[in-house]
Q: 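Sending over a structure as structure tokens; questions will come in a sec.
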Amino acid sequence: MASKINFRALFKNKWLYAGLLPSFGLLAIFSYYPFFNSFYTSLLDSNGVNHSKFVWLANFVELLTNDAEFYPALKVMAVFAVADVVKAVSVPLFVALMIHHLRSERAKYIFRVLLVVPAVVPSMVGLLLWKSFLSETGMINELLKVIGMGQFATSWLGNEDTVIGALIFIGFPWVNGVGTLILLAGLINISKELYDAGRVDGVSAWRRMWNIEIPLILPQLRLLIILTIIGSIQSYESILIITQGGPYGITNVPGLMLYNNAFSYGRVGYASAIGIVLFLLIIGFTYINNRYNRVDA
Amino acid sequence: MKFIGSKTKSTIMISLLAVMVGLSACSNEGNSPSPTINTPTDNPDASGKLKGRIVLSNKMAEQTALLEKAIEEYKKVQPDVTVDYQIKPWEGYETFLKTTLVGGSAPDVMFTEEANTFRAQDSIISLDDYLNTPNPYSDTEKPWKDDFVAPYIDMTRDGAGRSNMVPWSIFSLGLFYNQEMYEKAGVAQPPATWNEWKQVNQQLADADFLPWGLAIKPDDAQSLWAIGNWMNAAFRSDYEVLNLKHKEGWSYDPNDPASTVGEAITIDELWIGYKKGILDPAKSEKLRSLFQLFKEMTPYMNKDFMAIGGSEVPQRFLTAKNAQFYNGTWFVGNINMHMESLKADGKEDQTFRWGVIPFPKVGAENGAFFDKGESNELSGLRNGFMVKKSDDANTTNIAIDFLRFLTSPKMASELFQLKNPDSGKRFVADIAAIAGVPPMEGAEMLSPERKYADLNLTFFADQKDQDEFWGQWQKYLTDKITLDEFAAQRSKSFGAGIERQLKLLQSEVDQALIDSELK
């Protein structure tokens, strides 16, 4: 039901609205305008500078029917997205539960701080370190040799059988500080009475997790899953830095295609079309996640 | 030429030092003020006329002292001009340029290694009009382009034959080798030819050394340096058929390097050569033979050549993990510095004797098509300056004026010889692209001088073609696909790339020539 705008209330809160204006003004310039502009650009044959011709849906047609790279890249992206979701939910959930059930408040605080510390390391540094760990003369292979498993040493990033797994392995043990803190916040908000009731009923730690804690932190889990999927679909930086899509192009992802088309091939219109398709995928996954991971109040 | 040190035993400390040396090379620190130099202000027309501000960007830290000195000297002749200097990190510099060019906020003058990548956005200016007129800061009174070492300026030409870069330095590639590994493997003489080198590599492999450290990845063109040079030599007998849009009265003389100066294969000529099968990888026996020739060496390469970064290769050489690598003149200075710093730190046991020779040549023994002489010295243009297309003519004028000042023979001679007061060595080991500037001591062996006249045949039609190449090349070198499959894939990518370029350069393509040649 449409409601009338209450101008009196608006005027009453004018300073609040005025306070919000700069933020949303900047968002409009740097986020909303480029976002909507990319819809238009996707309909152009454009180099982004001085050549631009309206081609209707030709970029989409080419991408979906005539680009040999796109579907393999989409498949690789899907593999990374599934792996990322598993990584984002499993270990952080385990760590959050461990911290939540510590008796000492001081210990809880220290662990929370320790979780945030790795976040100050620039992601580029982390990626370059992992690239070095995974090289043929890197730490992983040296470790394998030390423990007598030298026969498994390989060029992890140069071997088509191992490169996807190696890229997924990056960041091990995947203790995502922000993700853990989100889940921890959910756990902290669970009513103490529920725990007491469970204790009276004699529930085991396992059943407590499945029947009390996970159902009650589903909103946080859902948020984490959505953010992870969005991140996975958009992500290409690690691939760009570590493999450039190789070997043989088997680690190419749509995000990298977008980057290459926009900045290397001078095909900004086509890159925008890739961006729109990725946006639609994100919308689709978000809808599915909301639809099937619904939390009833 | 040999450089003497002592035996390598420990690897870990050298690795650390190599990283430190690398990092210090990327830093501005230590670039103390350089000696006073004489400014080329002889020509009064060149002085004090301009007013404004430009931005100059660079990613090569070792060039900072030279560029800052040039800016300081330029201020004396153009006091109302300010040149803001930006040093950017090596990693991501091309991304920075590509994104800022698309966004319109790129620096006015961009020091870079390659210009044609940036042509796709059509946002850099073609320099021919400027290069064809005399440089007021030069006393040669010749067109500006004639102040540069002759064949290298043609390497900056794009598919329309336009020059997009003001050359600055030349790379001359050498094969760096670990003398002690050579001796242990019983190698008496460094190789001069490809076949001799194959023999040397076998000896090294038999002695349990890793012969050749190499990176074959999209972010490193190492494997292409050789093959591109071979291609120029292999197709000499086709030059007259390929170079259809030549100067009036042009004829090709392979033994006269000057005979190809000013000539370039443009995109329409490339298309004709491709359609006639001369340059079509699927039809050209020459190209197929060159691919096979390179593949002969894969058993002697590091197994992770598809994963290792280009910068890791010399680091492995410095830690004695491989016996040889090939790279540019600039490594003469880097390796010397590394060995000296180890000695200074009392770590002589981690140093080793090493040497550098011109990269082994291919010739008639490698294929009958090398019928007009063996491959030239492996060299090319290392870097230069692009100028952003600007709506403000004054900005463009200042950018060009600054580059003319910088590349005047007198100024360049002074700048290239600037020495780091800390090390007593030249800041830049590269050979200048400006004629008459003497090379760095210790790098004379790697001469960029060419014995034969070569045209710069492009190996790729455009960036997308190049990106597609890497997957195909890696698959071929690791036996995932056959030579036939590789050639077919190359043919498809190369043809599609030329078509894209023909479309992009439509207004400058000679369609009548294409039609008449392909009818």
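Residue numbers start from 1 in every chain, and the chains themselves are labelled A, B, ... in the order their sequence lines are given, proteins ahead of strands. None of the values given here were measured: they were computed from a predicted structure.
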Q: Would you call A:E136 and B:K321 a salt bridge, taking side-chain N to carboxylate O under 4.0 Å as the test?
A: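 No, no charged N to carboxylate O under 4.0 Å.
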
Q: Ignoring hydrogens, what is the shortest heavy-atom contact between B:M306 and A:G158? Give both atom names and the distance.
A: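 Heavy atoms only, the tightest pair is CE-O, 2.9 Å.
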
Q: What's the spacing between A:Y248 OH and B:K475 NZ if we round to 0.5 Å?
A: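 If I round to the nearest 0.5 Å, the distance is 8.5 Å.
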
Q: For residues B:L101 and A:F263, determine if any side-chain heavy atom of one lies less than 4.5 Å from a side-chain heavy atom of the other.
A: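 No - every pair of side-chain heavy atoms lies 4.5 Å or more apart.
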
Q: Give me the contact list for residues 21-45 of chain A versus chain B, heavy atoms only, anything under 4.5 Å, ordered by residue number.
A: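 Checking residues 21-45 of chain A against chain B gives A:D45.
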
Q: Which region of A:I250, side chain (C-beta onward) or backbone (N, CA, C, O), has a non-hydrogen atom less than 4.5 Å from a non-hydrogen atom of chain B, or is it both or neither?
A: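 A:I250 has no heavy atom closer than 4.5 Å to chain B.
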
Q: Do you know the tightest heavy-atom contact between A:T243 and B:K217?
A: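 Heavy atoms of A:T243 and B:K217 come nearest at O-CE, 4.5 Å.
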
Q: Heavy-atom cut-off 4.5 Å, strictly under: side chain, backbone, both or neither for B:E94 against chain A?
A: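 Neither part.
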
Q: Let me check something: any side-chain donor-acceptor pairs from residues 275-286 of chain A under 3.5 Å, sequence neighbours excluded? List them with distances.
A:
unit_1, atom_1, unit_2, atom_2, d
A:T286, OG1, A:I282, O, 2.6

Q: Heavy-atom distances under 4.5 Å only: say whether B:E312 touches chain A with side chain, backbone, both or neither.
A: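 Looking at B:E312, just its side chain touches chain A.
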
Q: If you measure from CG on A:N159 to NZ on B:K303, what distance do you get to the nearest 0.5 Å?
A: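 NZ of B:K303 is found 12.0 Å from CG of A:N159.
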
Q: What are the two closest non-hydrogen atoms of B:A307 and A:L157, and how far apart are they?
A: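 Scanning both residues completely, I find the closest heavy atoms to be CB-C, 3.6 Å.
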
Q: Enumerate the salt bridge (charged side-chain N to carboxylate O under 4.0 Å, His left out) contacts for residues 153-173 of chain A, please, sequence neighbours excluded, ordered by first and then second residue.
A: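 Pairs touching residues 153-173 of chain A that pass the test: A:E160-B:K480.
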
Q: Side-chain contact test, heavy atoms from C-beta onward, threshold under 4.5 Å: evaluate it for B:T95 versus A:Y259 and give yes or no.
A: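 A side-chain contact under 4.5 Å exists here.
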
Q: Contact part of A:T137 toward chain B, heavy-atom cut-off under 4.5 Å: side chain, backbone, both or neither?
A: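 Both backbone and side chain.
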
Q: Report, in residue-number order, which members of residues 487-495 of chain B are under 4.5 Å from chain A by heavy-atom distance.
A: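 Listed by number, there are no contacting residues, so the answer is none.
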
Q: Check the pair B:D467 / A:Y265 against side-chain contact (heavy atoms from CB on, under 4.5 Å), numbers first and verdict last.
A: CA-CA 10 Å; B:D467 286 354; A:Y265 311 154; 2.5 Å; yes

Q: Between B:K98 and A:S264, does any side-chain donor sit less than 3.5 Å from a side-chain acceptor?
A: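 Judged by distance alone, the side chains do pair up.
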
Q: Flag yes if more than 12 heavy atoms outside A:K145 fall under 6.0 Å of its NZ atom; otherwise flag no.
A: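 Yes.
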
Q: Please classify the contact of B:R316 with chain A as side chain, backbone, both or neither, using a heavy-atom distance under 4.5 Å.
A: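 When you check distances to chain A, only side chain atoms of B:R316 fall under 4.5 Å.
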
